[in-house]
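So the structure is just underneath, and the comments pick up after that.
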2 protein chains.
Amino acid sequence: MSNLRDIPAPGGVLYKDVKRHALQALADGEWKPGEAIPSEKKLVERFGVSIGTLRKAIDELVAENLLIRHQGRGTFVATHRRDDHFFRFFKVAHLDGHRGYPTVELESFRKIKADKSVCTLLGLEAGARAFQLTNVLSLDERPVMIDDIVLPERLFAGLTEAQLRGRPNTLYNFYQEAFGVNVIQTEERLRSVLATEREQALLGVEPGAPLMRIHRVAFSYHRQPVEWRVSTLNTEEHEFIVSQMPKEES
Amino acid sequence: MSNLRDIPAPGGVLYKDVKRHALQALADGEWKPGEAIPSEKKLVERFGVSIGTLRKAIDELVAENLLIRHQGRGTFVATHRRDDHFFRFFKVAHLDGHRGYPTVELESFRKIKADKSVCTLLGLEAGARAFQLTNVLSLDERPVMIDDIVLPERLFAGLTEAQLRGRPNTLYNFYQEAFGVNVIQTEERLRSVLATEREQALLGVEPGAPLMRIHRVAFSYHRQPVEWRVSTLNTEEHEFIVSQMPKEES
DNA sequence: TTACATTTGTTCGTATGTATA
DNA sequence: TTATACATACGAACAAATGTA
């Protein structure tokens, strides 16, 4: 392993180089979710930089929620296990403010050829194969949201319906553990629509009921798109939460 | 001005103390939006801490978008001027992805007694007086969103309709410049609803059209609530954008 | 254009404190 | 108790950007 100093940084900024290498270790799966990365001391040796420079690089990855520091224990790769990052990606709450975990029922699962628009969004070649699955999410025993999800076959090779039904944890945690696919960022676009017949049936709402449609692209490292999702939410008793700065008081 | 070292920090962490004092300088209006705060050298003297400690404190305020650093120029208090933070708070885009500035028309303005629920949300005593105003926002010459806004009279004493009509910049910039009220954070809750008659008229939609209702509380320093807003968005040709991590690539 | 002062950005390293196993 | 790992605090030296004389 050569020192980063040996090759001048492209941007000329050393800590950005360290960050880039750390990011690569994450993307390559050298550092795996839930596991500790090497100690600061070891990373200082590995990268040939000072402790301050290393810290500045790791600081940014921590700020981006990719790593989690624990004083006295080590620095860990973030996971999608319950409580960890779950509510960063599940933004539905009851009108009274209460936020709970949904129960998930797999409604359908099949292989498809991704259509043109989805291929564009996921950066796939035209006609690429993909998995299409539909989950119905319930809160307090009542169906609240439909998730129509498309996953590129290339990234999720061998995915089966049984796996999806048997998964013990969150979907994004399942992506991590079963396929090494790490969702670290999402982009969502929200609209209001009227319920279709299918949605009336699945969510148990009246014809003409207003629903919220959420288009989401989920990204992994290096902004690689890994999931396309259309969620349909019944906001009769629930709402979609958007808040800036979940942590830090000012 | 006494050194921070003279009084042991409550939490025992010096840079948090520095941050707290800096935050107070912002909340007190000692450091005003758009202006430069004292140089690092001066702040080091003022607080009696090392440059590293000072930097760590300021770093957090920069990360929270309260301050903006410019190498060679200084560190400035963030403003709500166009292009600056505007799109952090205006999350509406055209379906084709294009994001533009809306034109705003003041539809109504009056003094009210805030009702109980609004008082709770804004942390006001029961029956507190407030201003109620309604804006209609247009994109590409077409009305797209209605903003129903409530402002506590205590924070916006003397606000007039003429001021609101004459303001050259964004509403939040107007709060800053005219009343020293600095919006730094918002919390929003979104639902889908059917258009009321009033909304049909103002937005030019059909009866039964689905609209998006956005409930927002805006906060200033120390999480003080300063504005209550109910926005109603026509998502026929526009959508509401939610994306994590607007900056930094991973 | 040049030179210079000012201000923030980067990199280095040390010493000590605190949390964990 | 001990070793390990991260957290805080210090500050020096130099680089890069900016504004001005």
Side-chain angles (χ1 to χ4, degrees), chain A residues 2-22 25 31 34-78 247-248, chain B residues 2-22 25 31 34-78 247-248:
Chain A
S2 62
N3 276 6
L4 298 186
R5 310 303 298 271
D6 300 343
I7 312 109
V13 182
L14 196 48
Y15 82 88
K16 286 285 184 191
D17 249 30
V18 174
K19 182 182 175 185
R20 200 170 309 124
H21 278 74
W31 298 345
E35 296 181 0
I37 70 172
S39 71
E40 294 180 339
K41 193 155 154 287
K42 289 200 182 100
L43 290 175
V44 159
E45 287 165 19
R46 166 163 168 182
F47 293 129
V49 299
S50 75
I51 177 69
T53 300
L54 176 82
R55 227 150 197 294
K56 186 152 183 172
I58 301 299
D59 277 347
E60 292 201 355
L61 296 174
V62 170
E64 291 168 26
N65 297 300
L66 305 190
L67 297 176
I68 302 173
R69 284 215 191 87
H70 291 291
Q71 187 174 0
R73 292 211 287 139
T75 302
F76 298 79
V77 183
K247 48 190 162 189
E248 298 290 342
Chain B
S2 64
N3 276 5
L4 297 186
R5 308 302 297 272
D6 299 345
I7 312 109
V13 182
L14 196 49
Y15 83 89
K16 286 286 184 190
D17 249 31
V18 174
K19 182 181 176 186
R20 201 170 308 127
H21 278 74
W31 299 344
E35 295 181 1
I37 70 172
S39 71
E40 294 180 342
K41 194 155 153 288
K42 289 200 182 99
L43 290 175
V44 159
E45 287 166 17
R46 166 164 167 180
F47 293 128
V49 300
S50 76
I51 177 69
T53 300
L54 176 83
R55 230 151 196 293
K56 184 151 185 173
I58 301 299
D59 276 347
E60 292 201 355
L61 296 174
V62 170
E64 291 167 26
N65 297 299
L66 304 190
L67 297 176
I68 302 172
R69 286 214 189 88
H70 291 291
Q71 187 174 0
R73 292 212 287 139
T75 303
F76 298 79
V77 183
K247 47 189 162 188
E248 299 291 343

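From a predicted model like this one, the values you see are computed outputs, not experimental measurements. We name chains A, B, ... by the order of the sequence lines, and we start the count at 1 in each one.
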Dump every N/O contact between nucleotides 18-21 of chain D and the protein below 3.5 Å, one line per pair.
none

* Short side-chain N/O contact from T75(B) to OP1 or OP2 of dT7(C), under 4.0 Å -> no

* Asked: Quick one: which of dT8(D), dC10(D), dT7(C) gets closest to the side chain of R55(A)?
  -> dT8(D)

* Asked: For G74(A), which contact category applies under a 4.0 Å heavy-atom criterion: base, sugar-phosphate, or nothing?
  -> sugar-phosphate

* Please step through salt bridge (charged side-chain N to carboxylate O under 4.0 Å, His left out) for the pair R20(A) and D17(A), ending with a clear verdict. => CA-CA 5 Å; R20(A) 200 170 309 124; D17(A) 249 30; 2.6 Å; yes

* Within less than 4.0 Å of OP1 or OP2 of dA9(D), is there a side-chain N or O belonging to K56(B)? -> no

* Asked: Taking NZ from K42(B) and C1' from dT8(C), how many angstroms apart are they, rounded to a whole number?
  -> 14 Å

* From E45(A) atom CD to S39(A) atom OG, the distance as rounded to the nearest 0.5 Å -> 7.5 Å

* Asked: K41(A) near the nucleic acid: base, sugar-phosphate alone, or nothing, with a heavy-atom cut-off under 4.0 Å?
  -> nothing

* Asked: What's the closest nucleotide to the Y15(B) side chain, out of dT8(D), dT10(C), dT7(C)?
  -> dT8(D)

* Euclidean distance, D59(A) CG relative to Y15(A) OH, rounded to 0.5 Å -> 10.0 Å

* Length of the CZ-C1' vector between F76(A) and dC6(D), whole Å -> 11 Å

* Nearest whole angstrom, please: distance from the C1' of dG13(C) to the CZ of F47(A). => 19 Å

* Say you draw a straight line from NZ of K56(A) to OG1 of T53(A); how long is it, rounded to the nearest 0.5 Å? -> 8.5 Å

* Structure fact -> Testing dG13(C), dT7(C), dT10(C) for proximity to the side chain of I51(A), the answer is dG13(C)

* Asked: Are side-chain heavy atoms of V62(A) and I68(A) found at a separation under 4.5 Å?
  -> no

* Asked: Rounding to a whole Å, what distance do you find between L14(B):CG and dG11(D):C1'?
  -> 14 Å

* Out of curiosity, R55(A) CZ to T75(A) OG1, how far, rounded to the nearest 0.5 Å? -> 7.5 Å

* To do: State which of dG9(C), dC12(C), dA7(D) makes the closest approach to the side chain of E40(B).
  => dG9(C)

* Structure fact -> Atom CG of D59(A) and atom C1' of dG9(C) are separated, to the nearest Å, by 15 Å

* To do: Using only side-chain N and O atoms of R69(B), determine if any of them is under 4.0 Å from OP1 or OP2 of dG9(C).
  => yes

* Is the shortest side-chain N/O distance from T53(B) to OP1 or OP2 of dC10(D) below 4.0 Å? -> yes

* Asked: What is the distance from CG of L67(A) to C1' of dA7(D), rounded to the nearest Å?
  -> 16 Å

* Structure fact -> Interatomic distance, CH2@W31(A) vs CG@L67(A), rounded to 0.5 Å, equals 7.0 Å

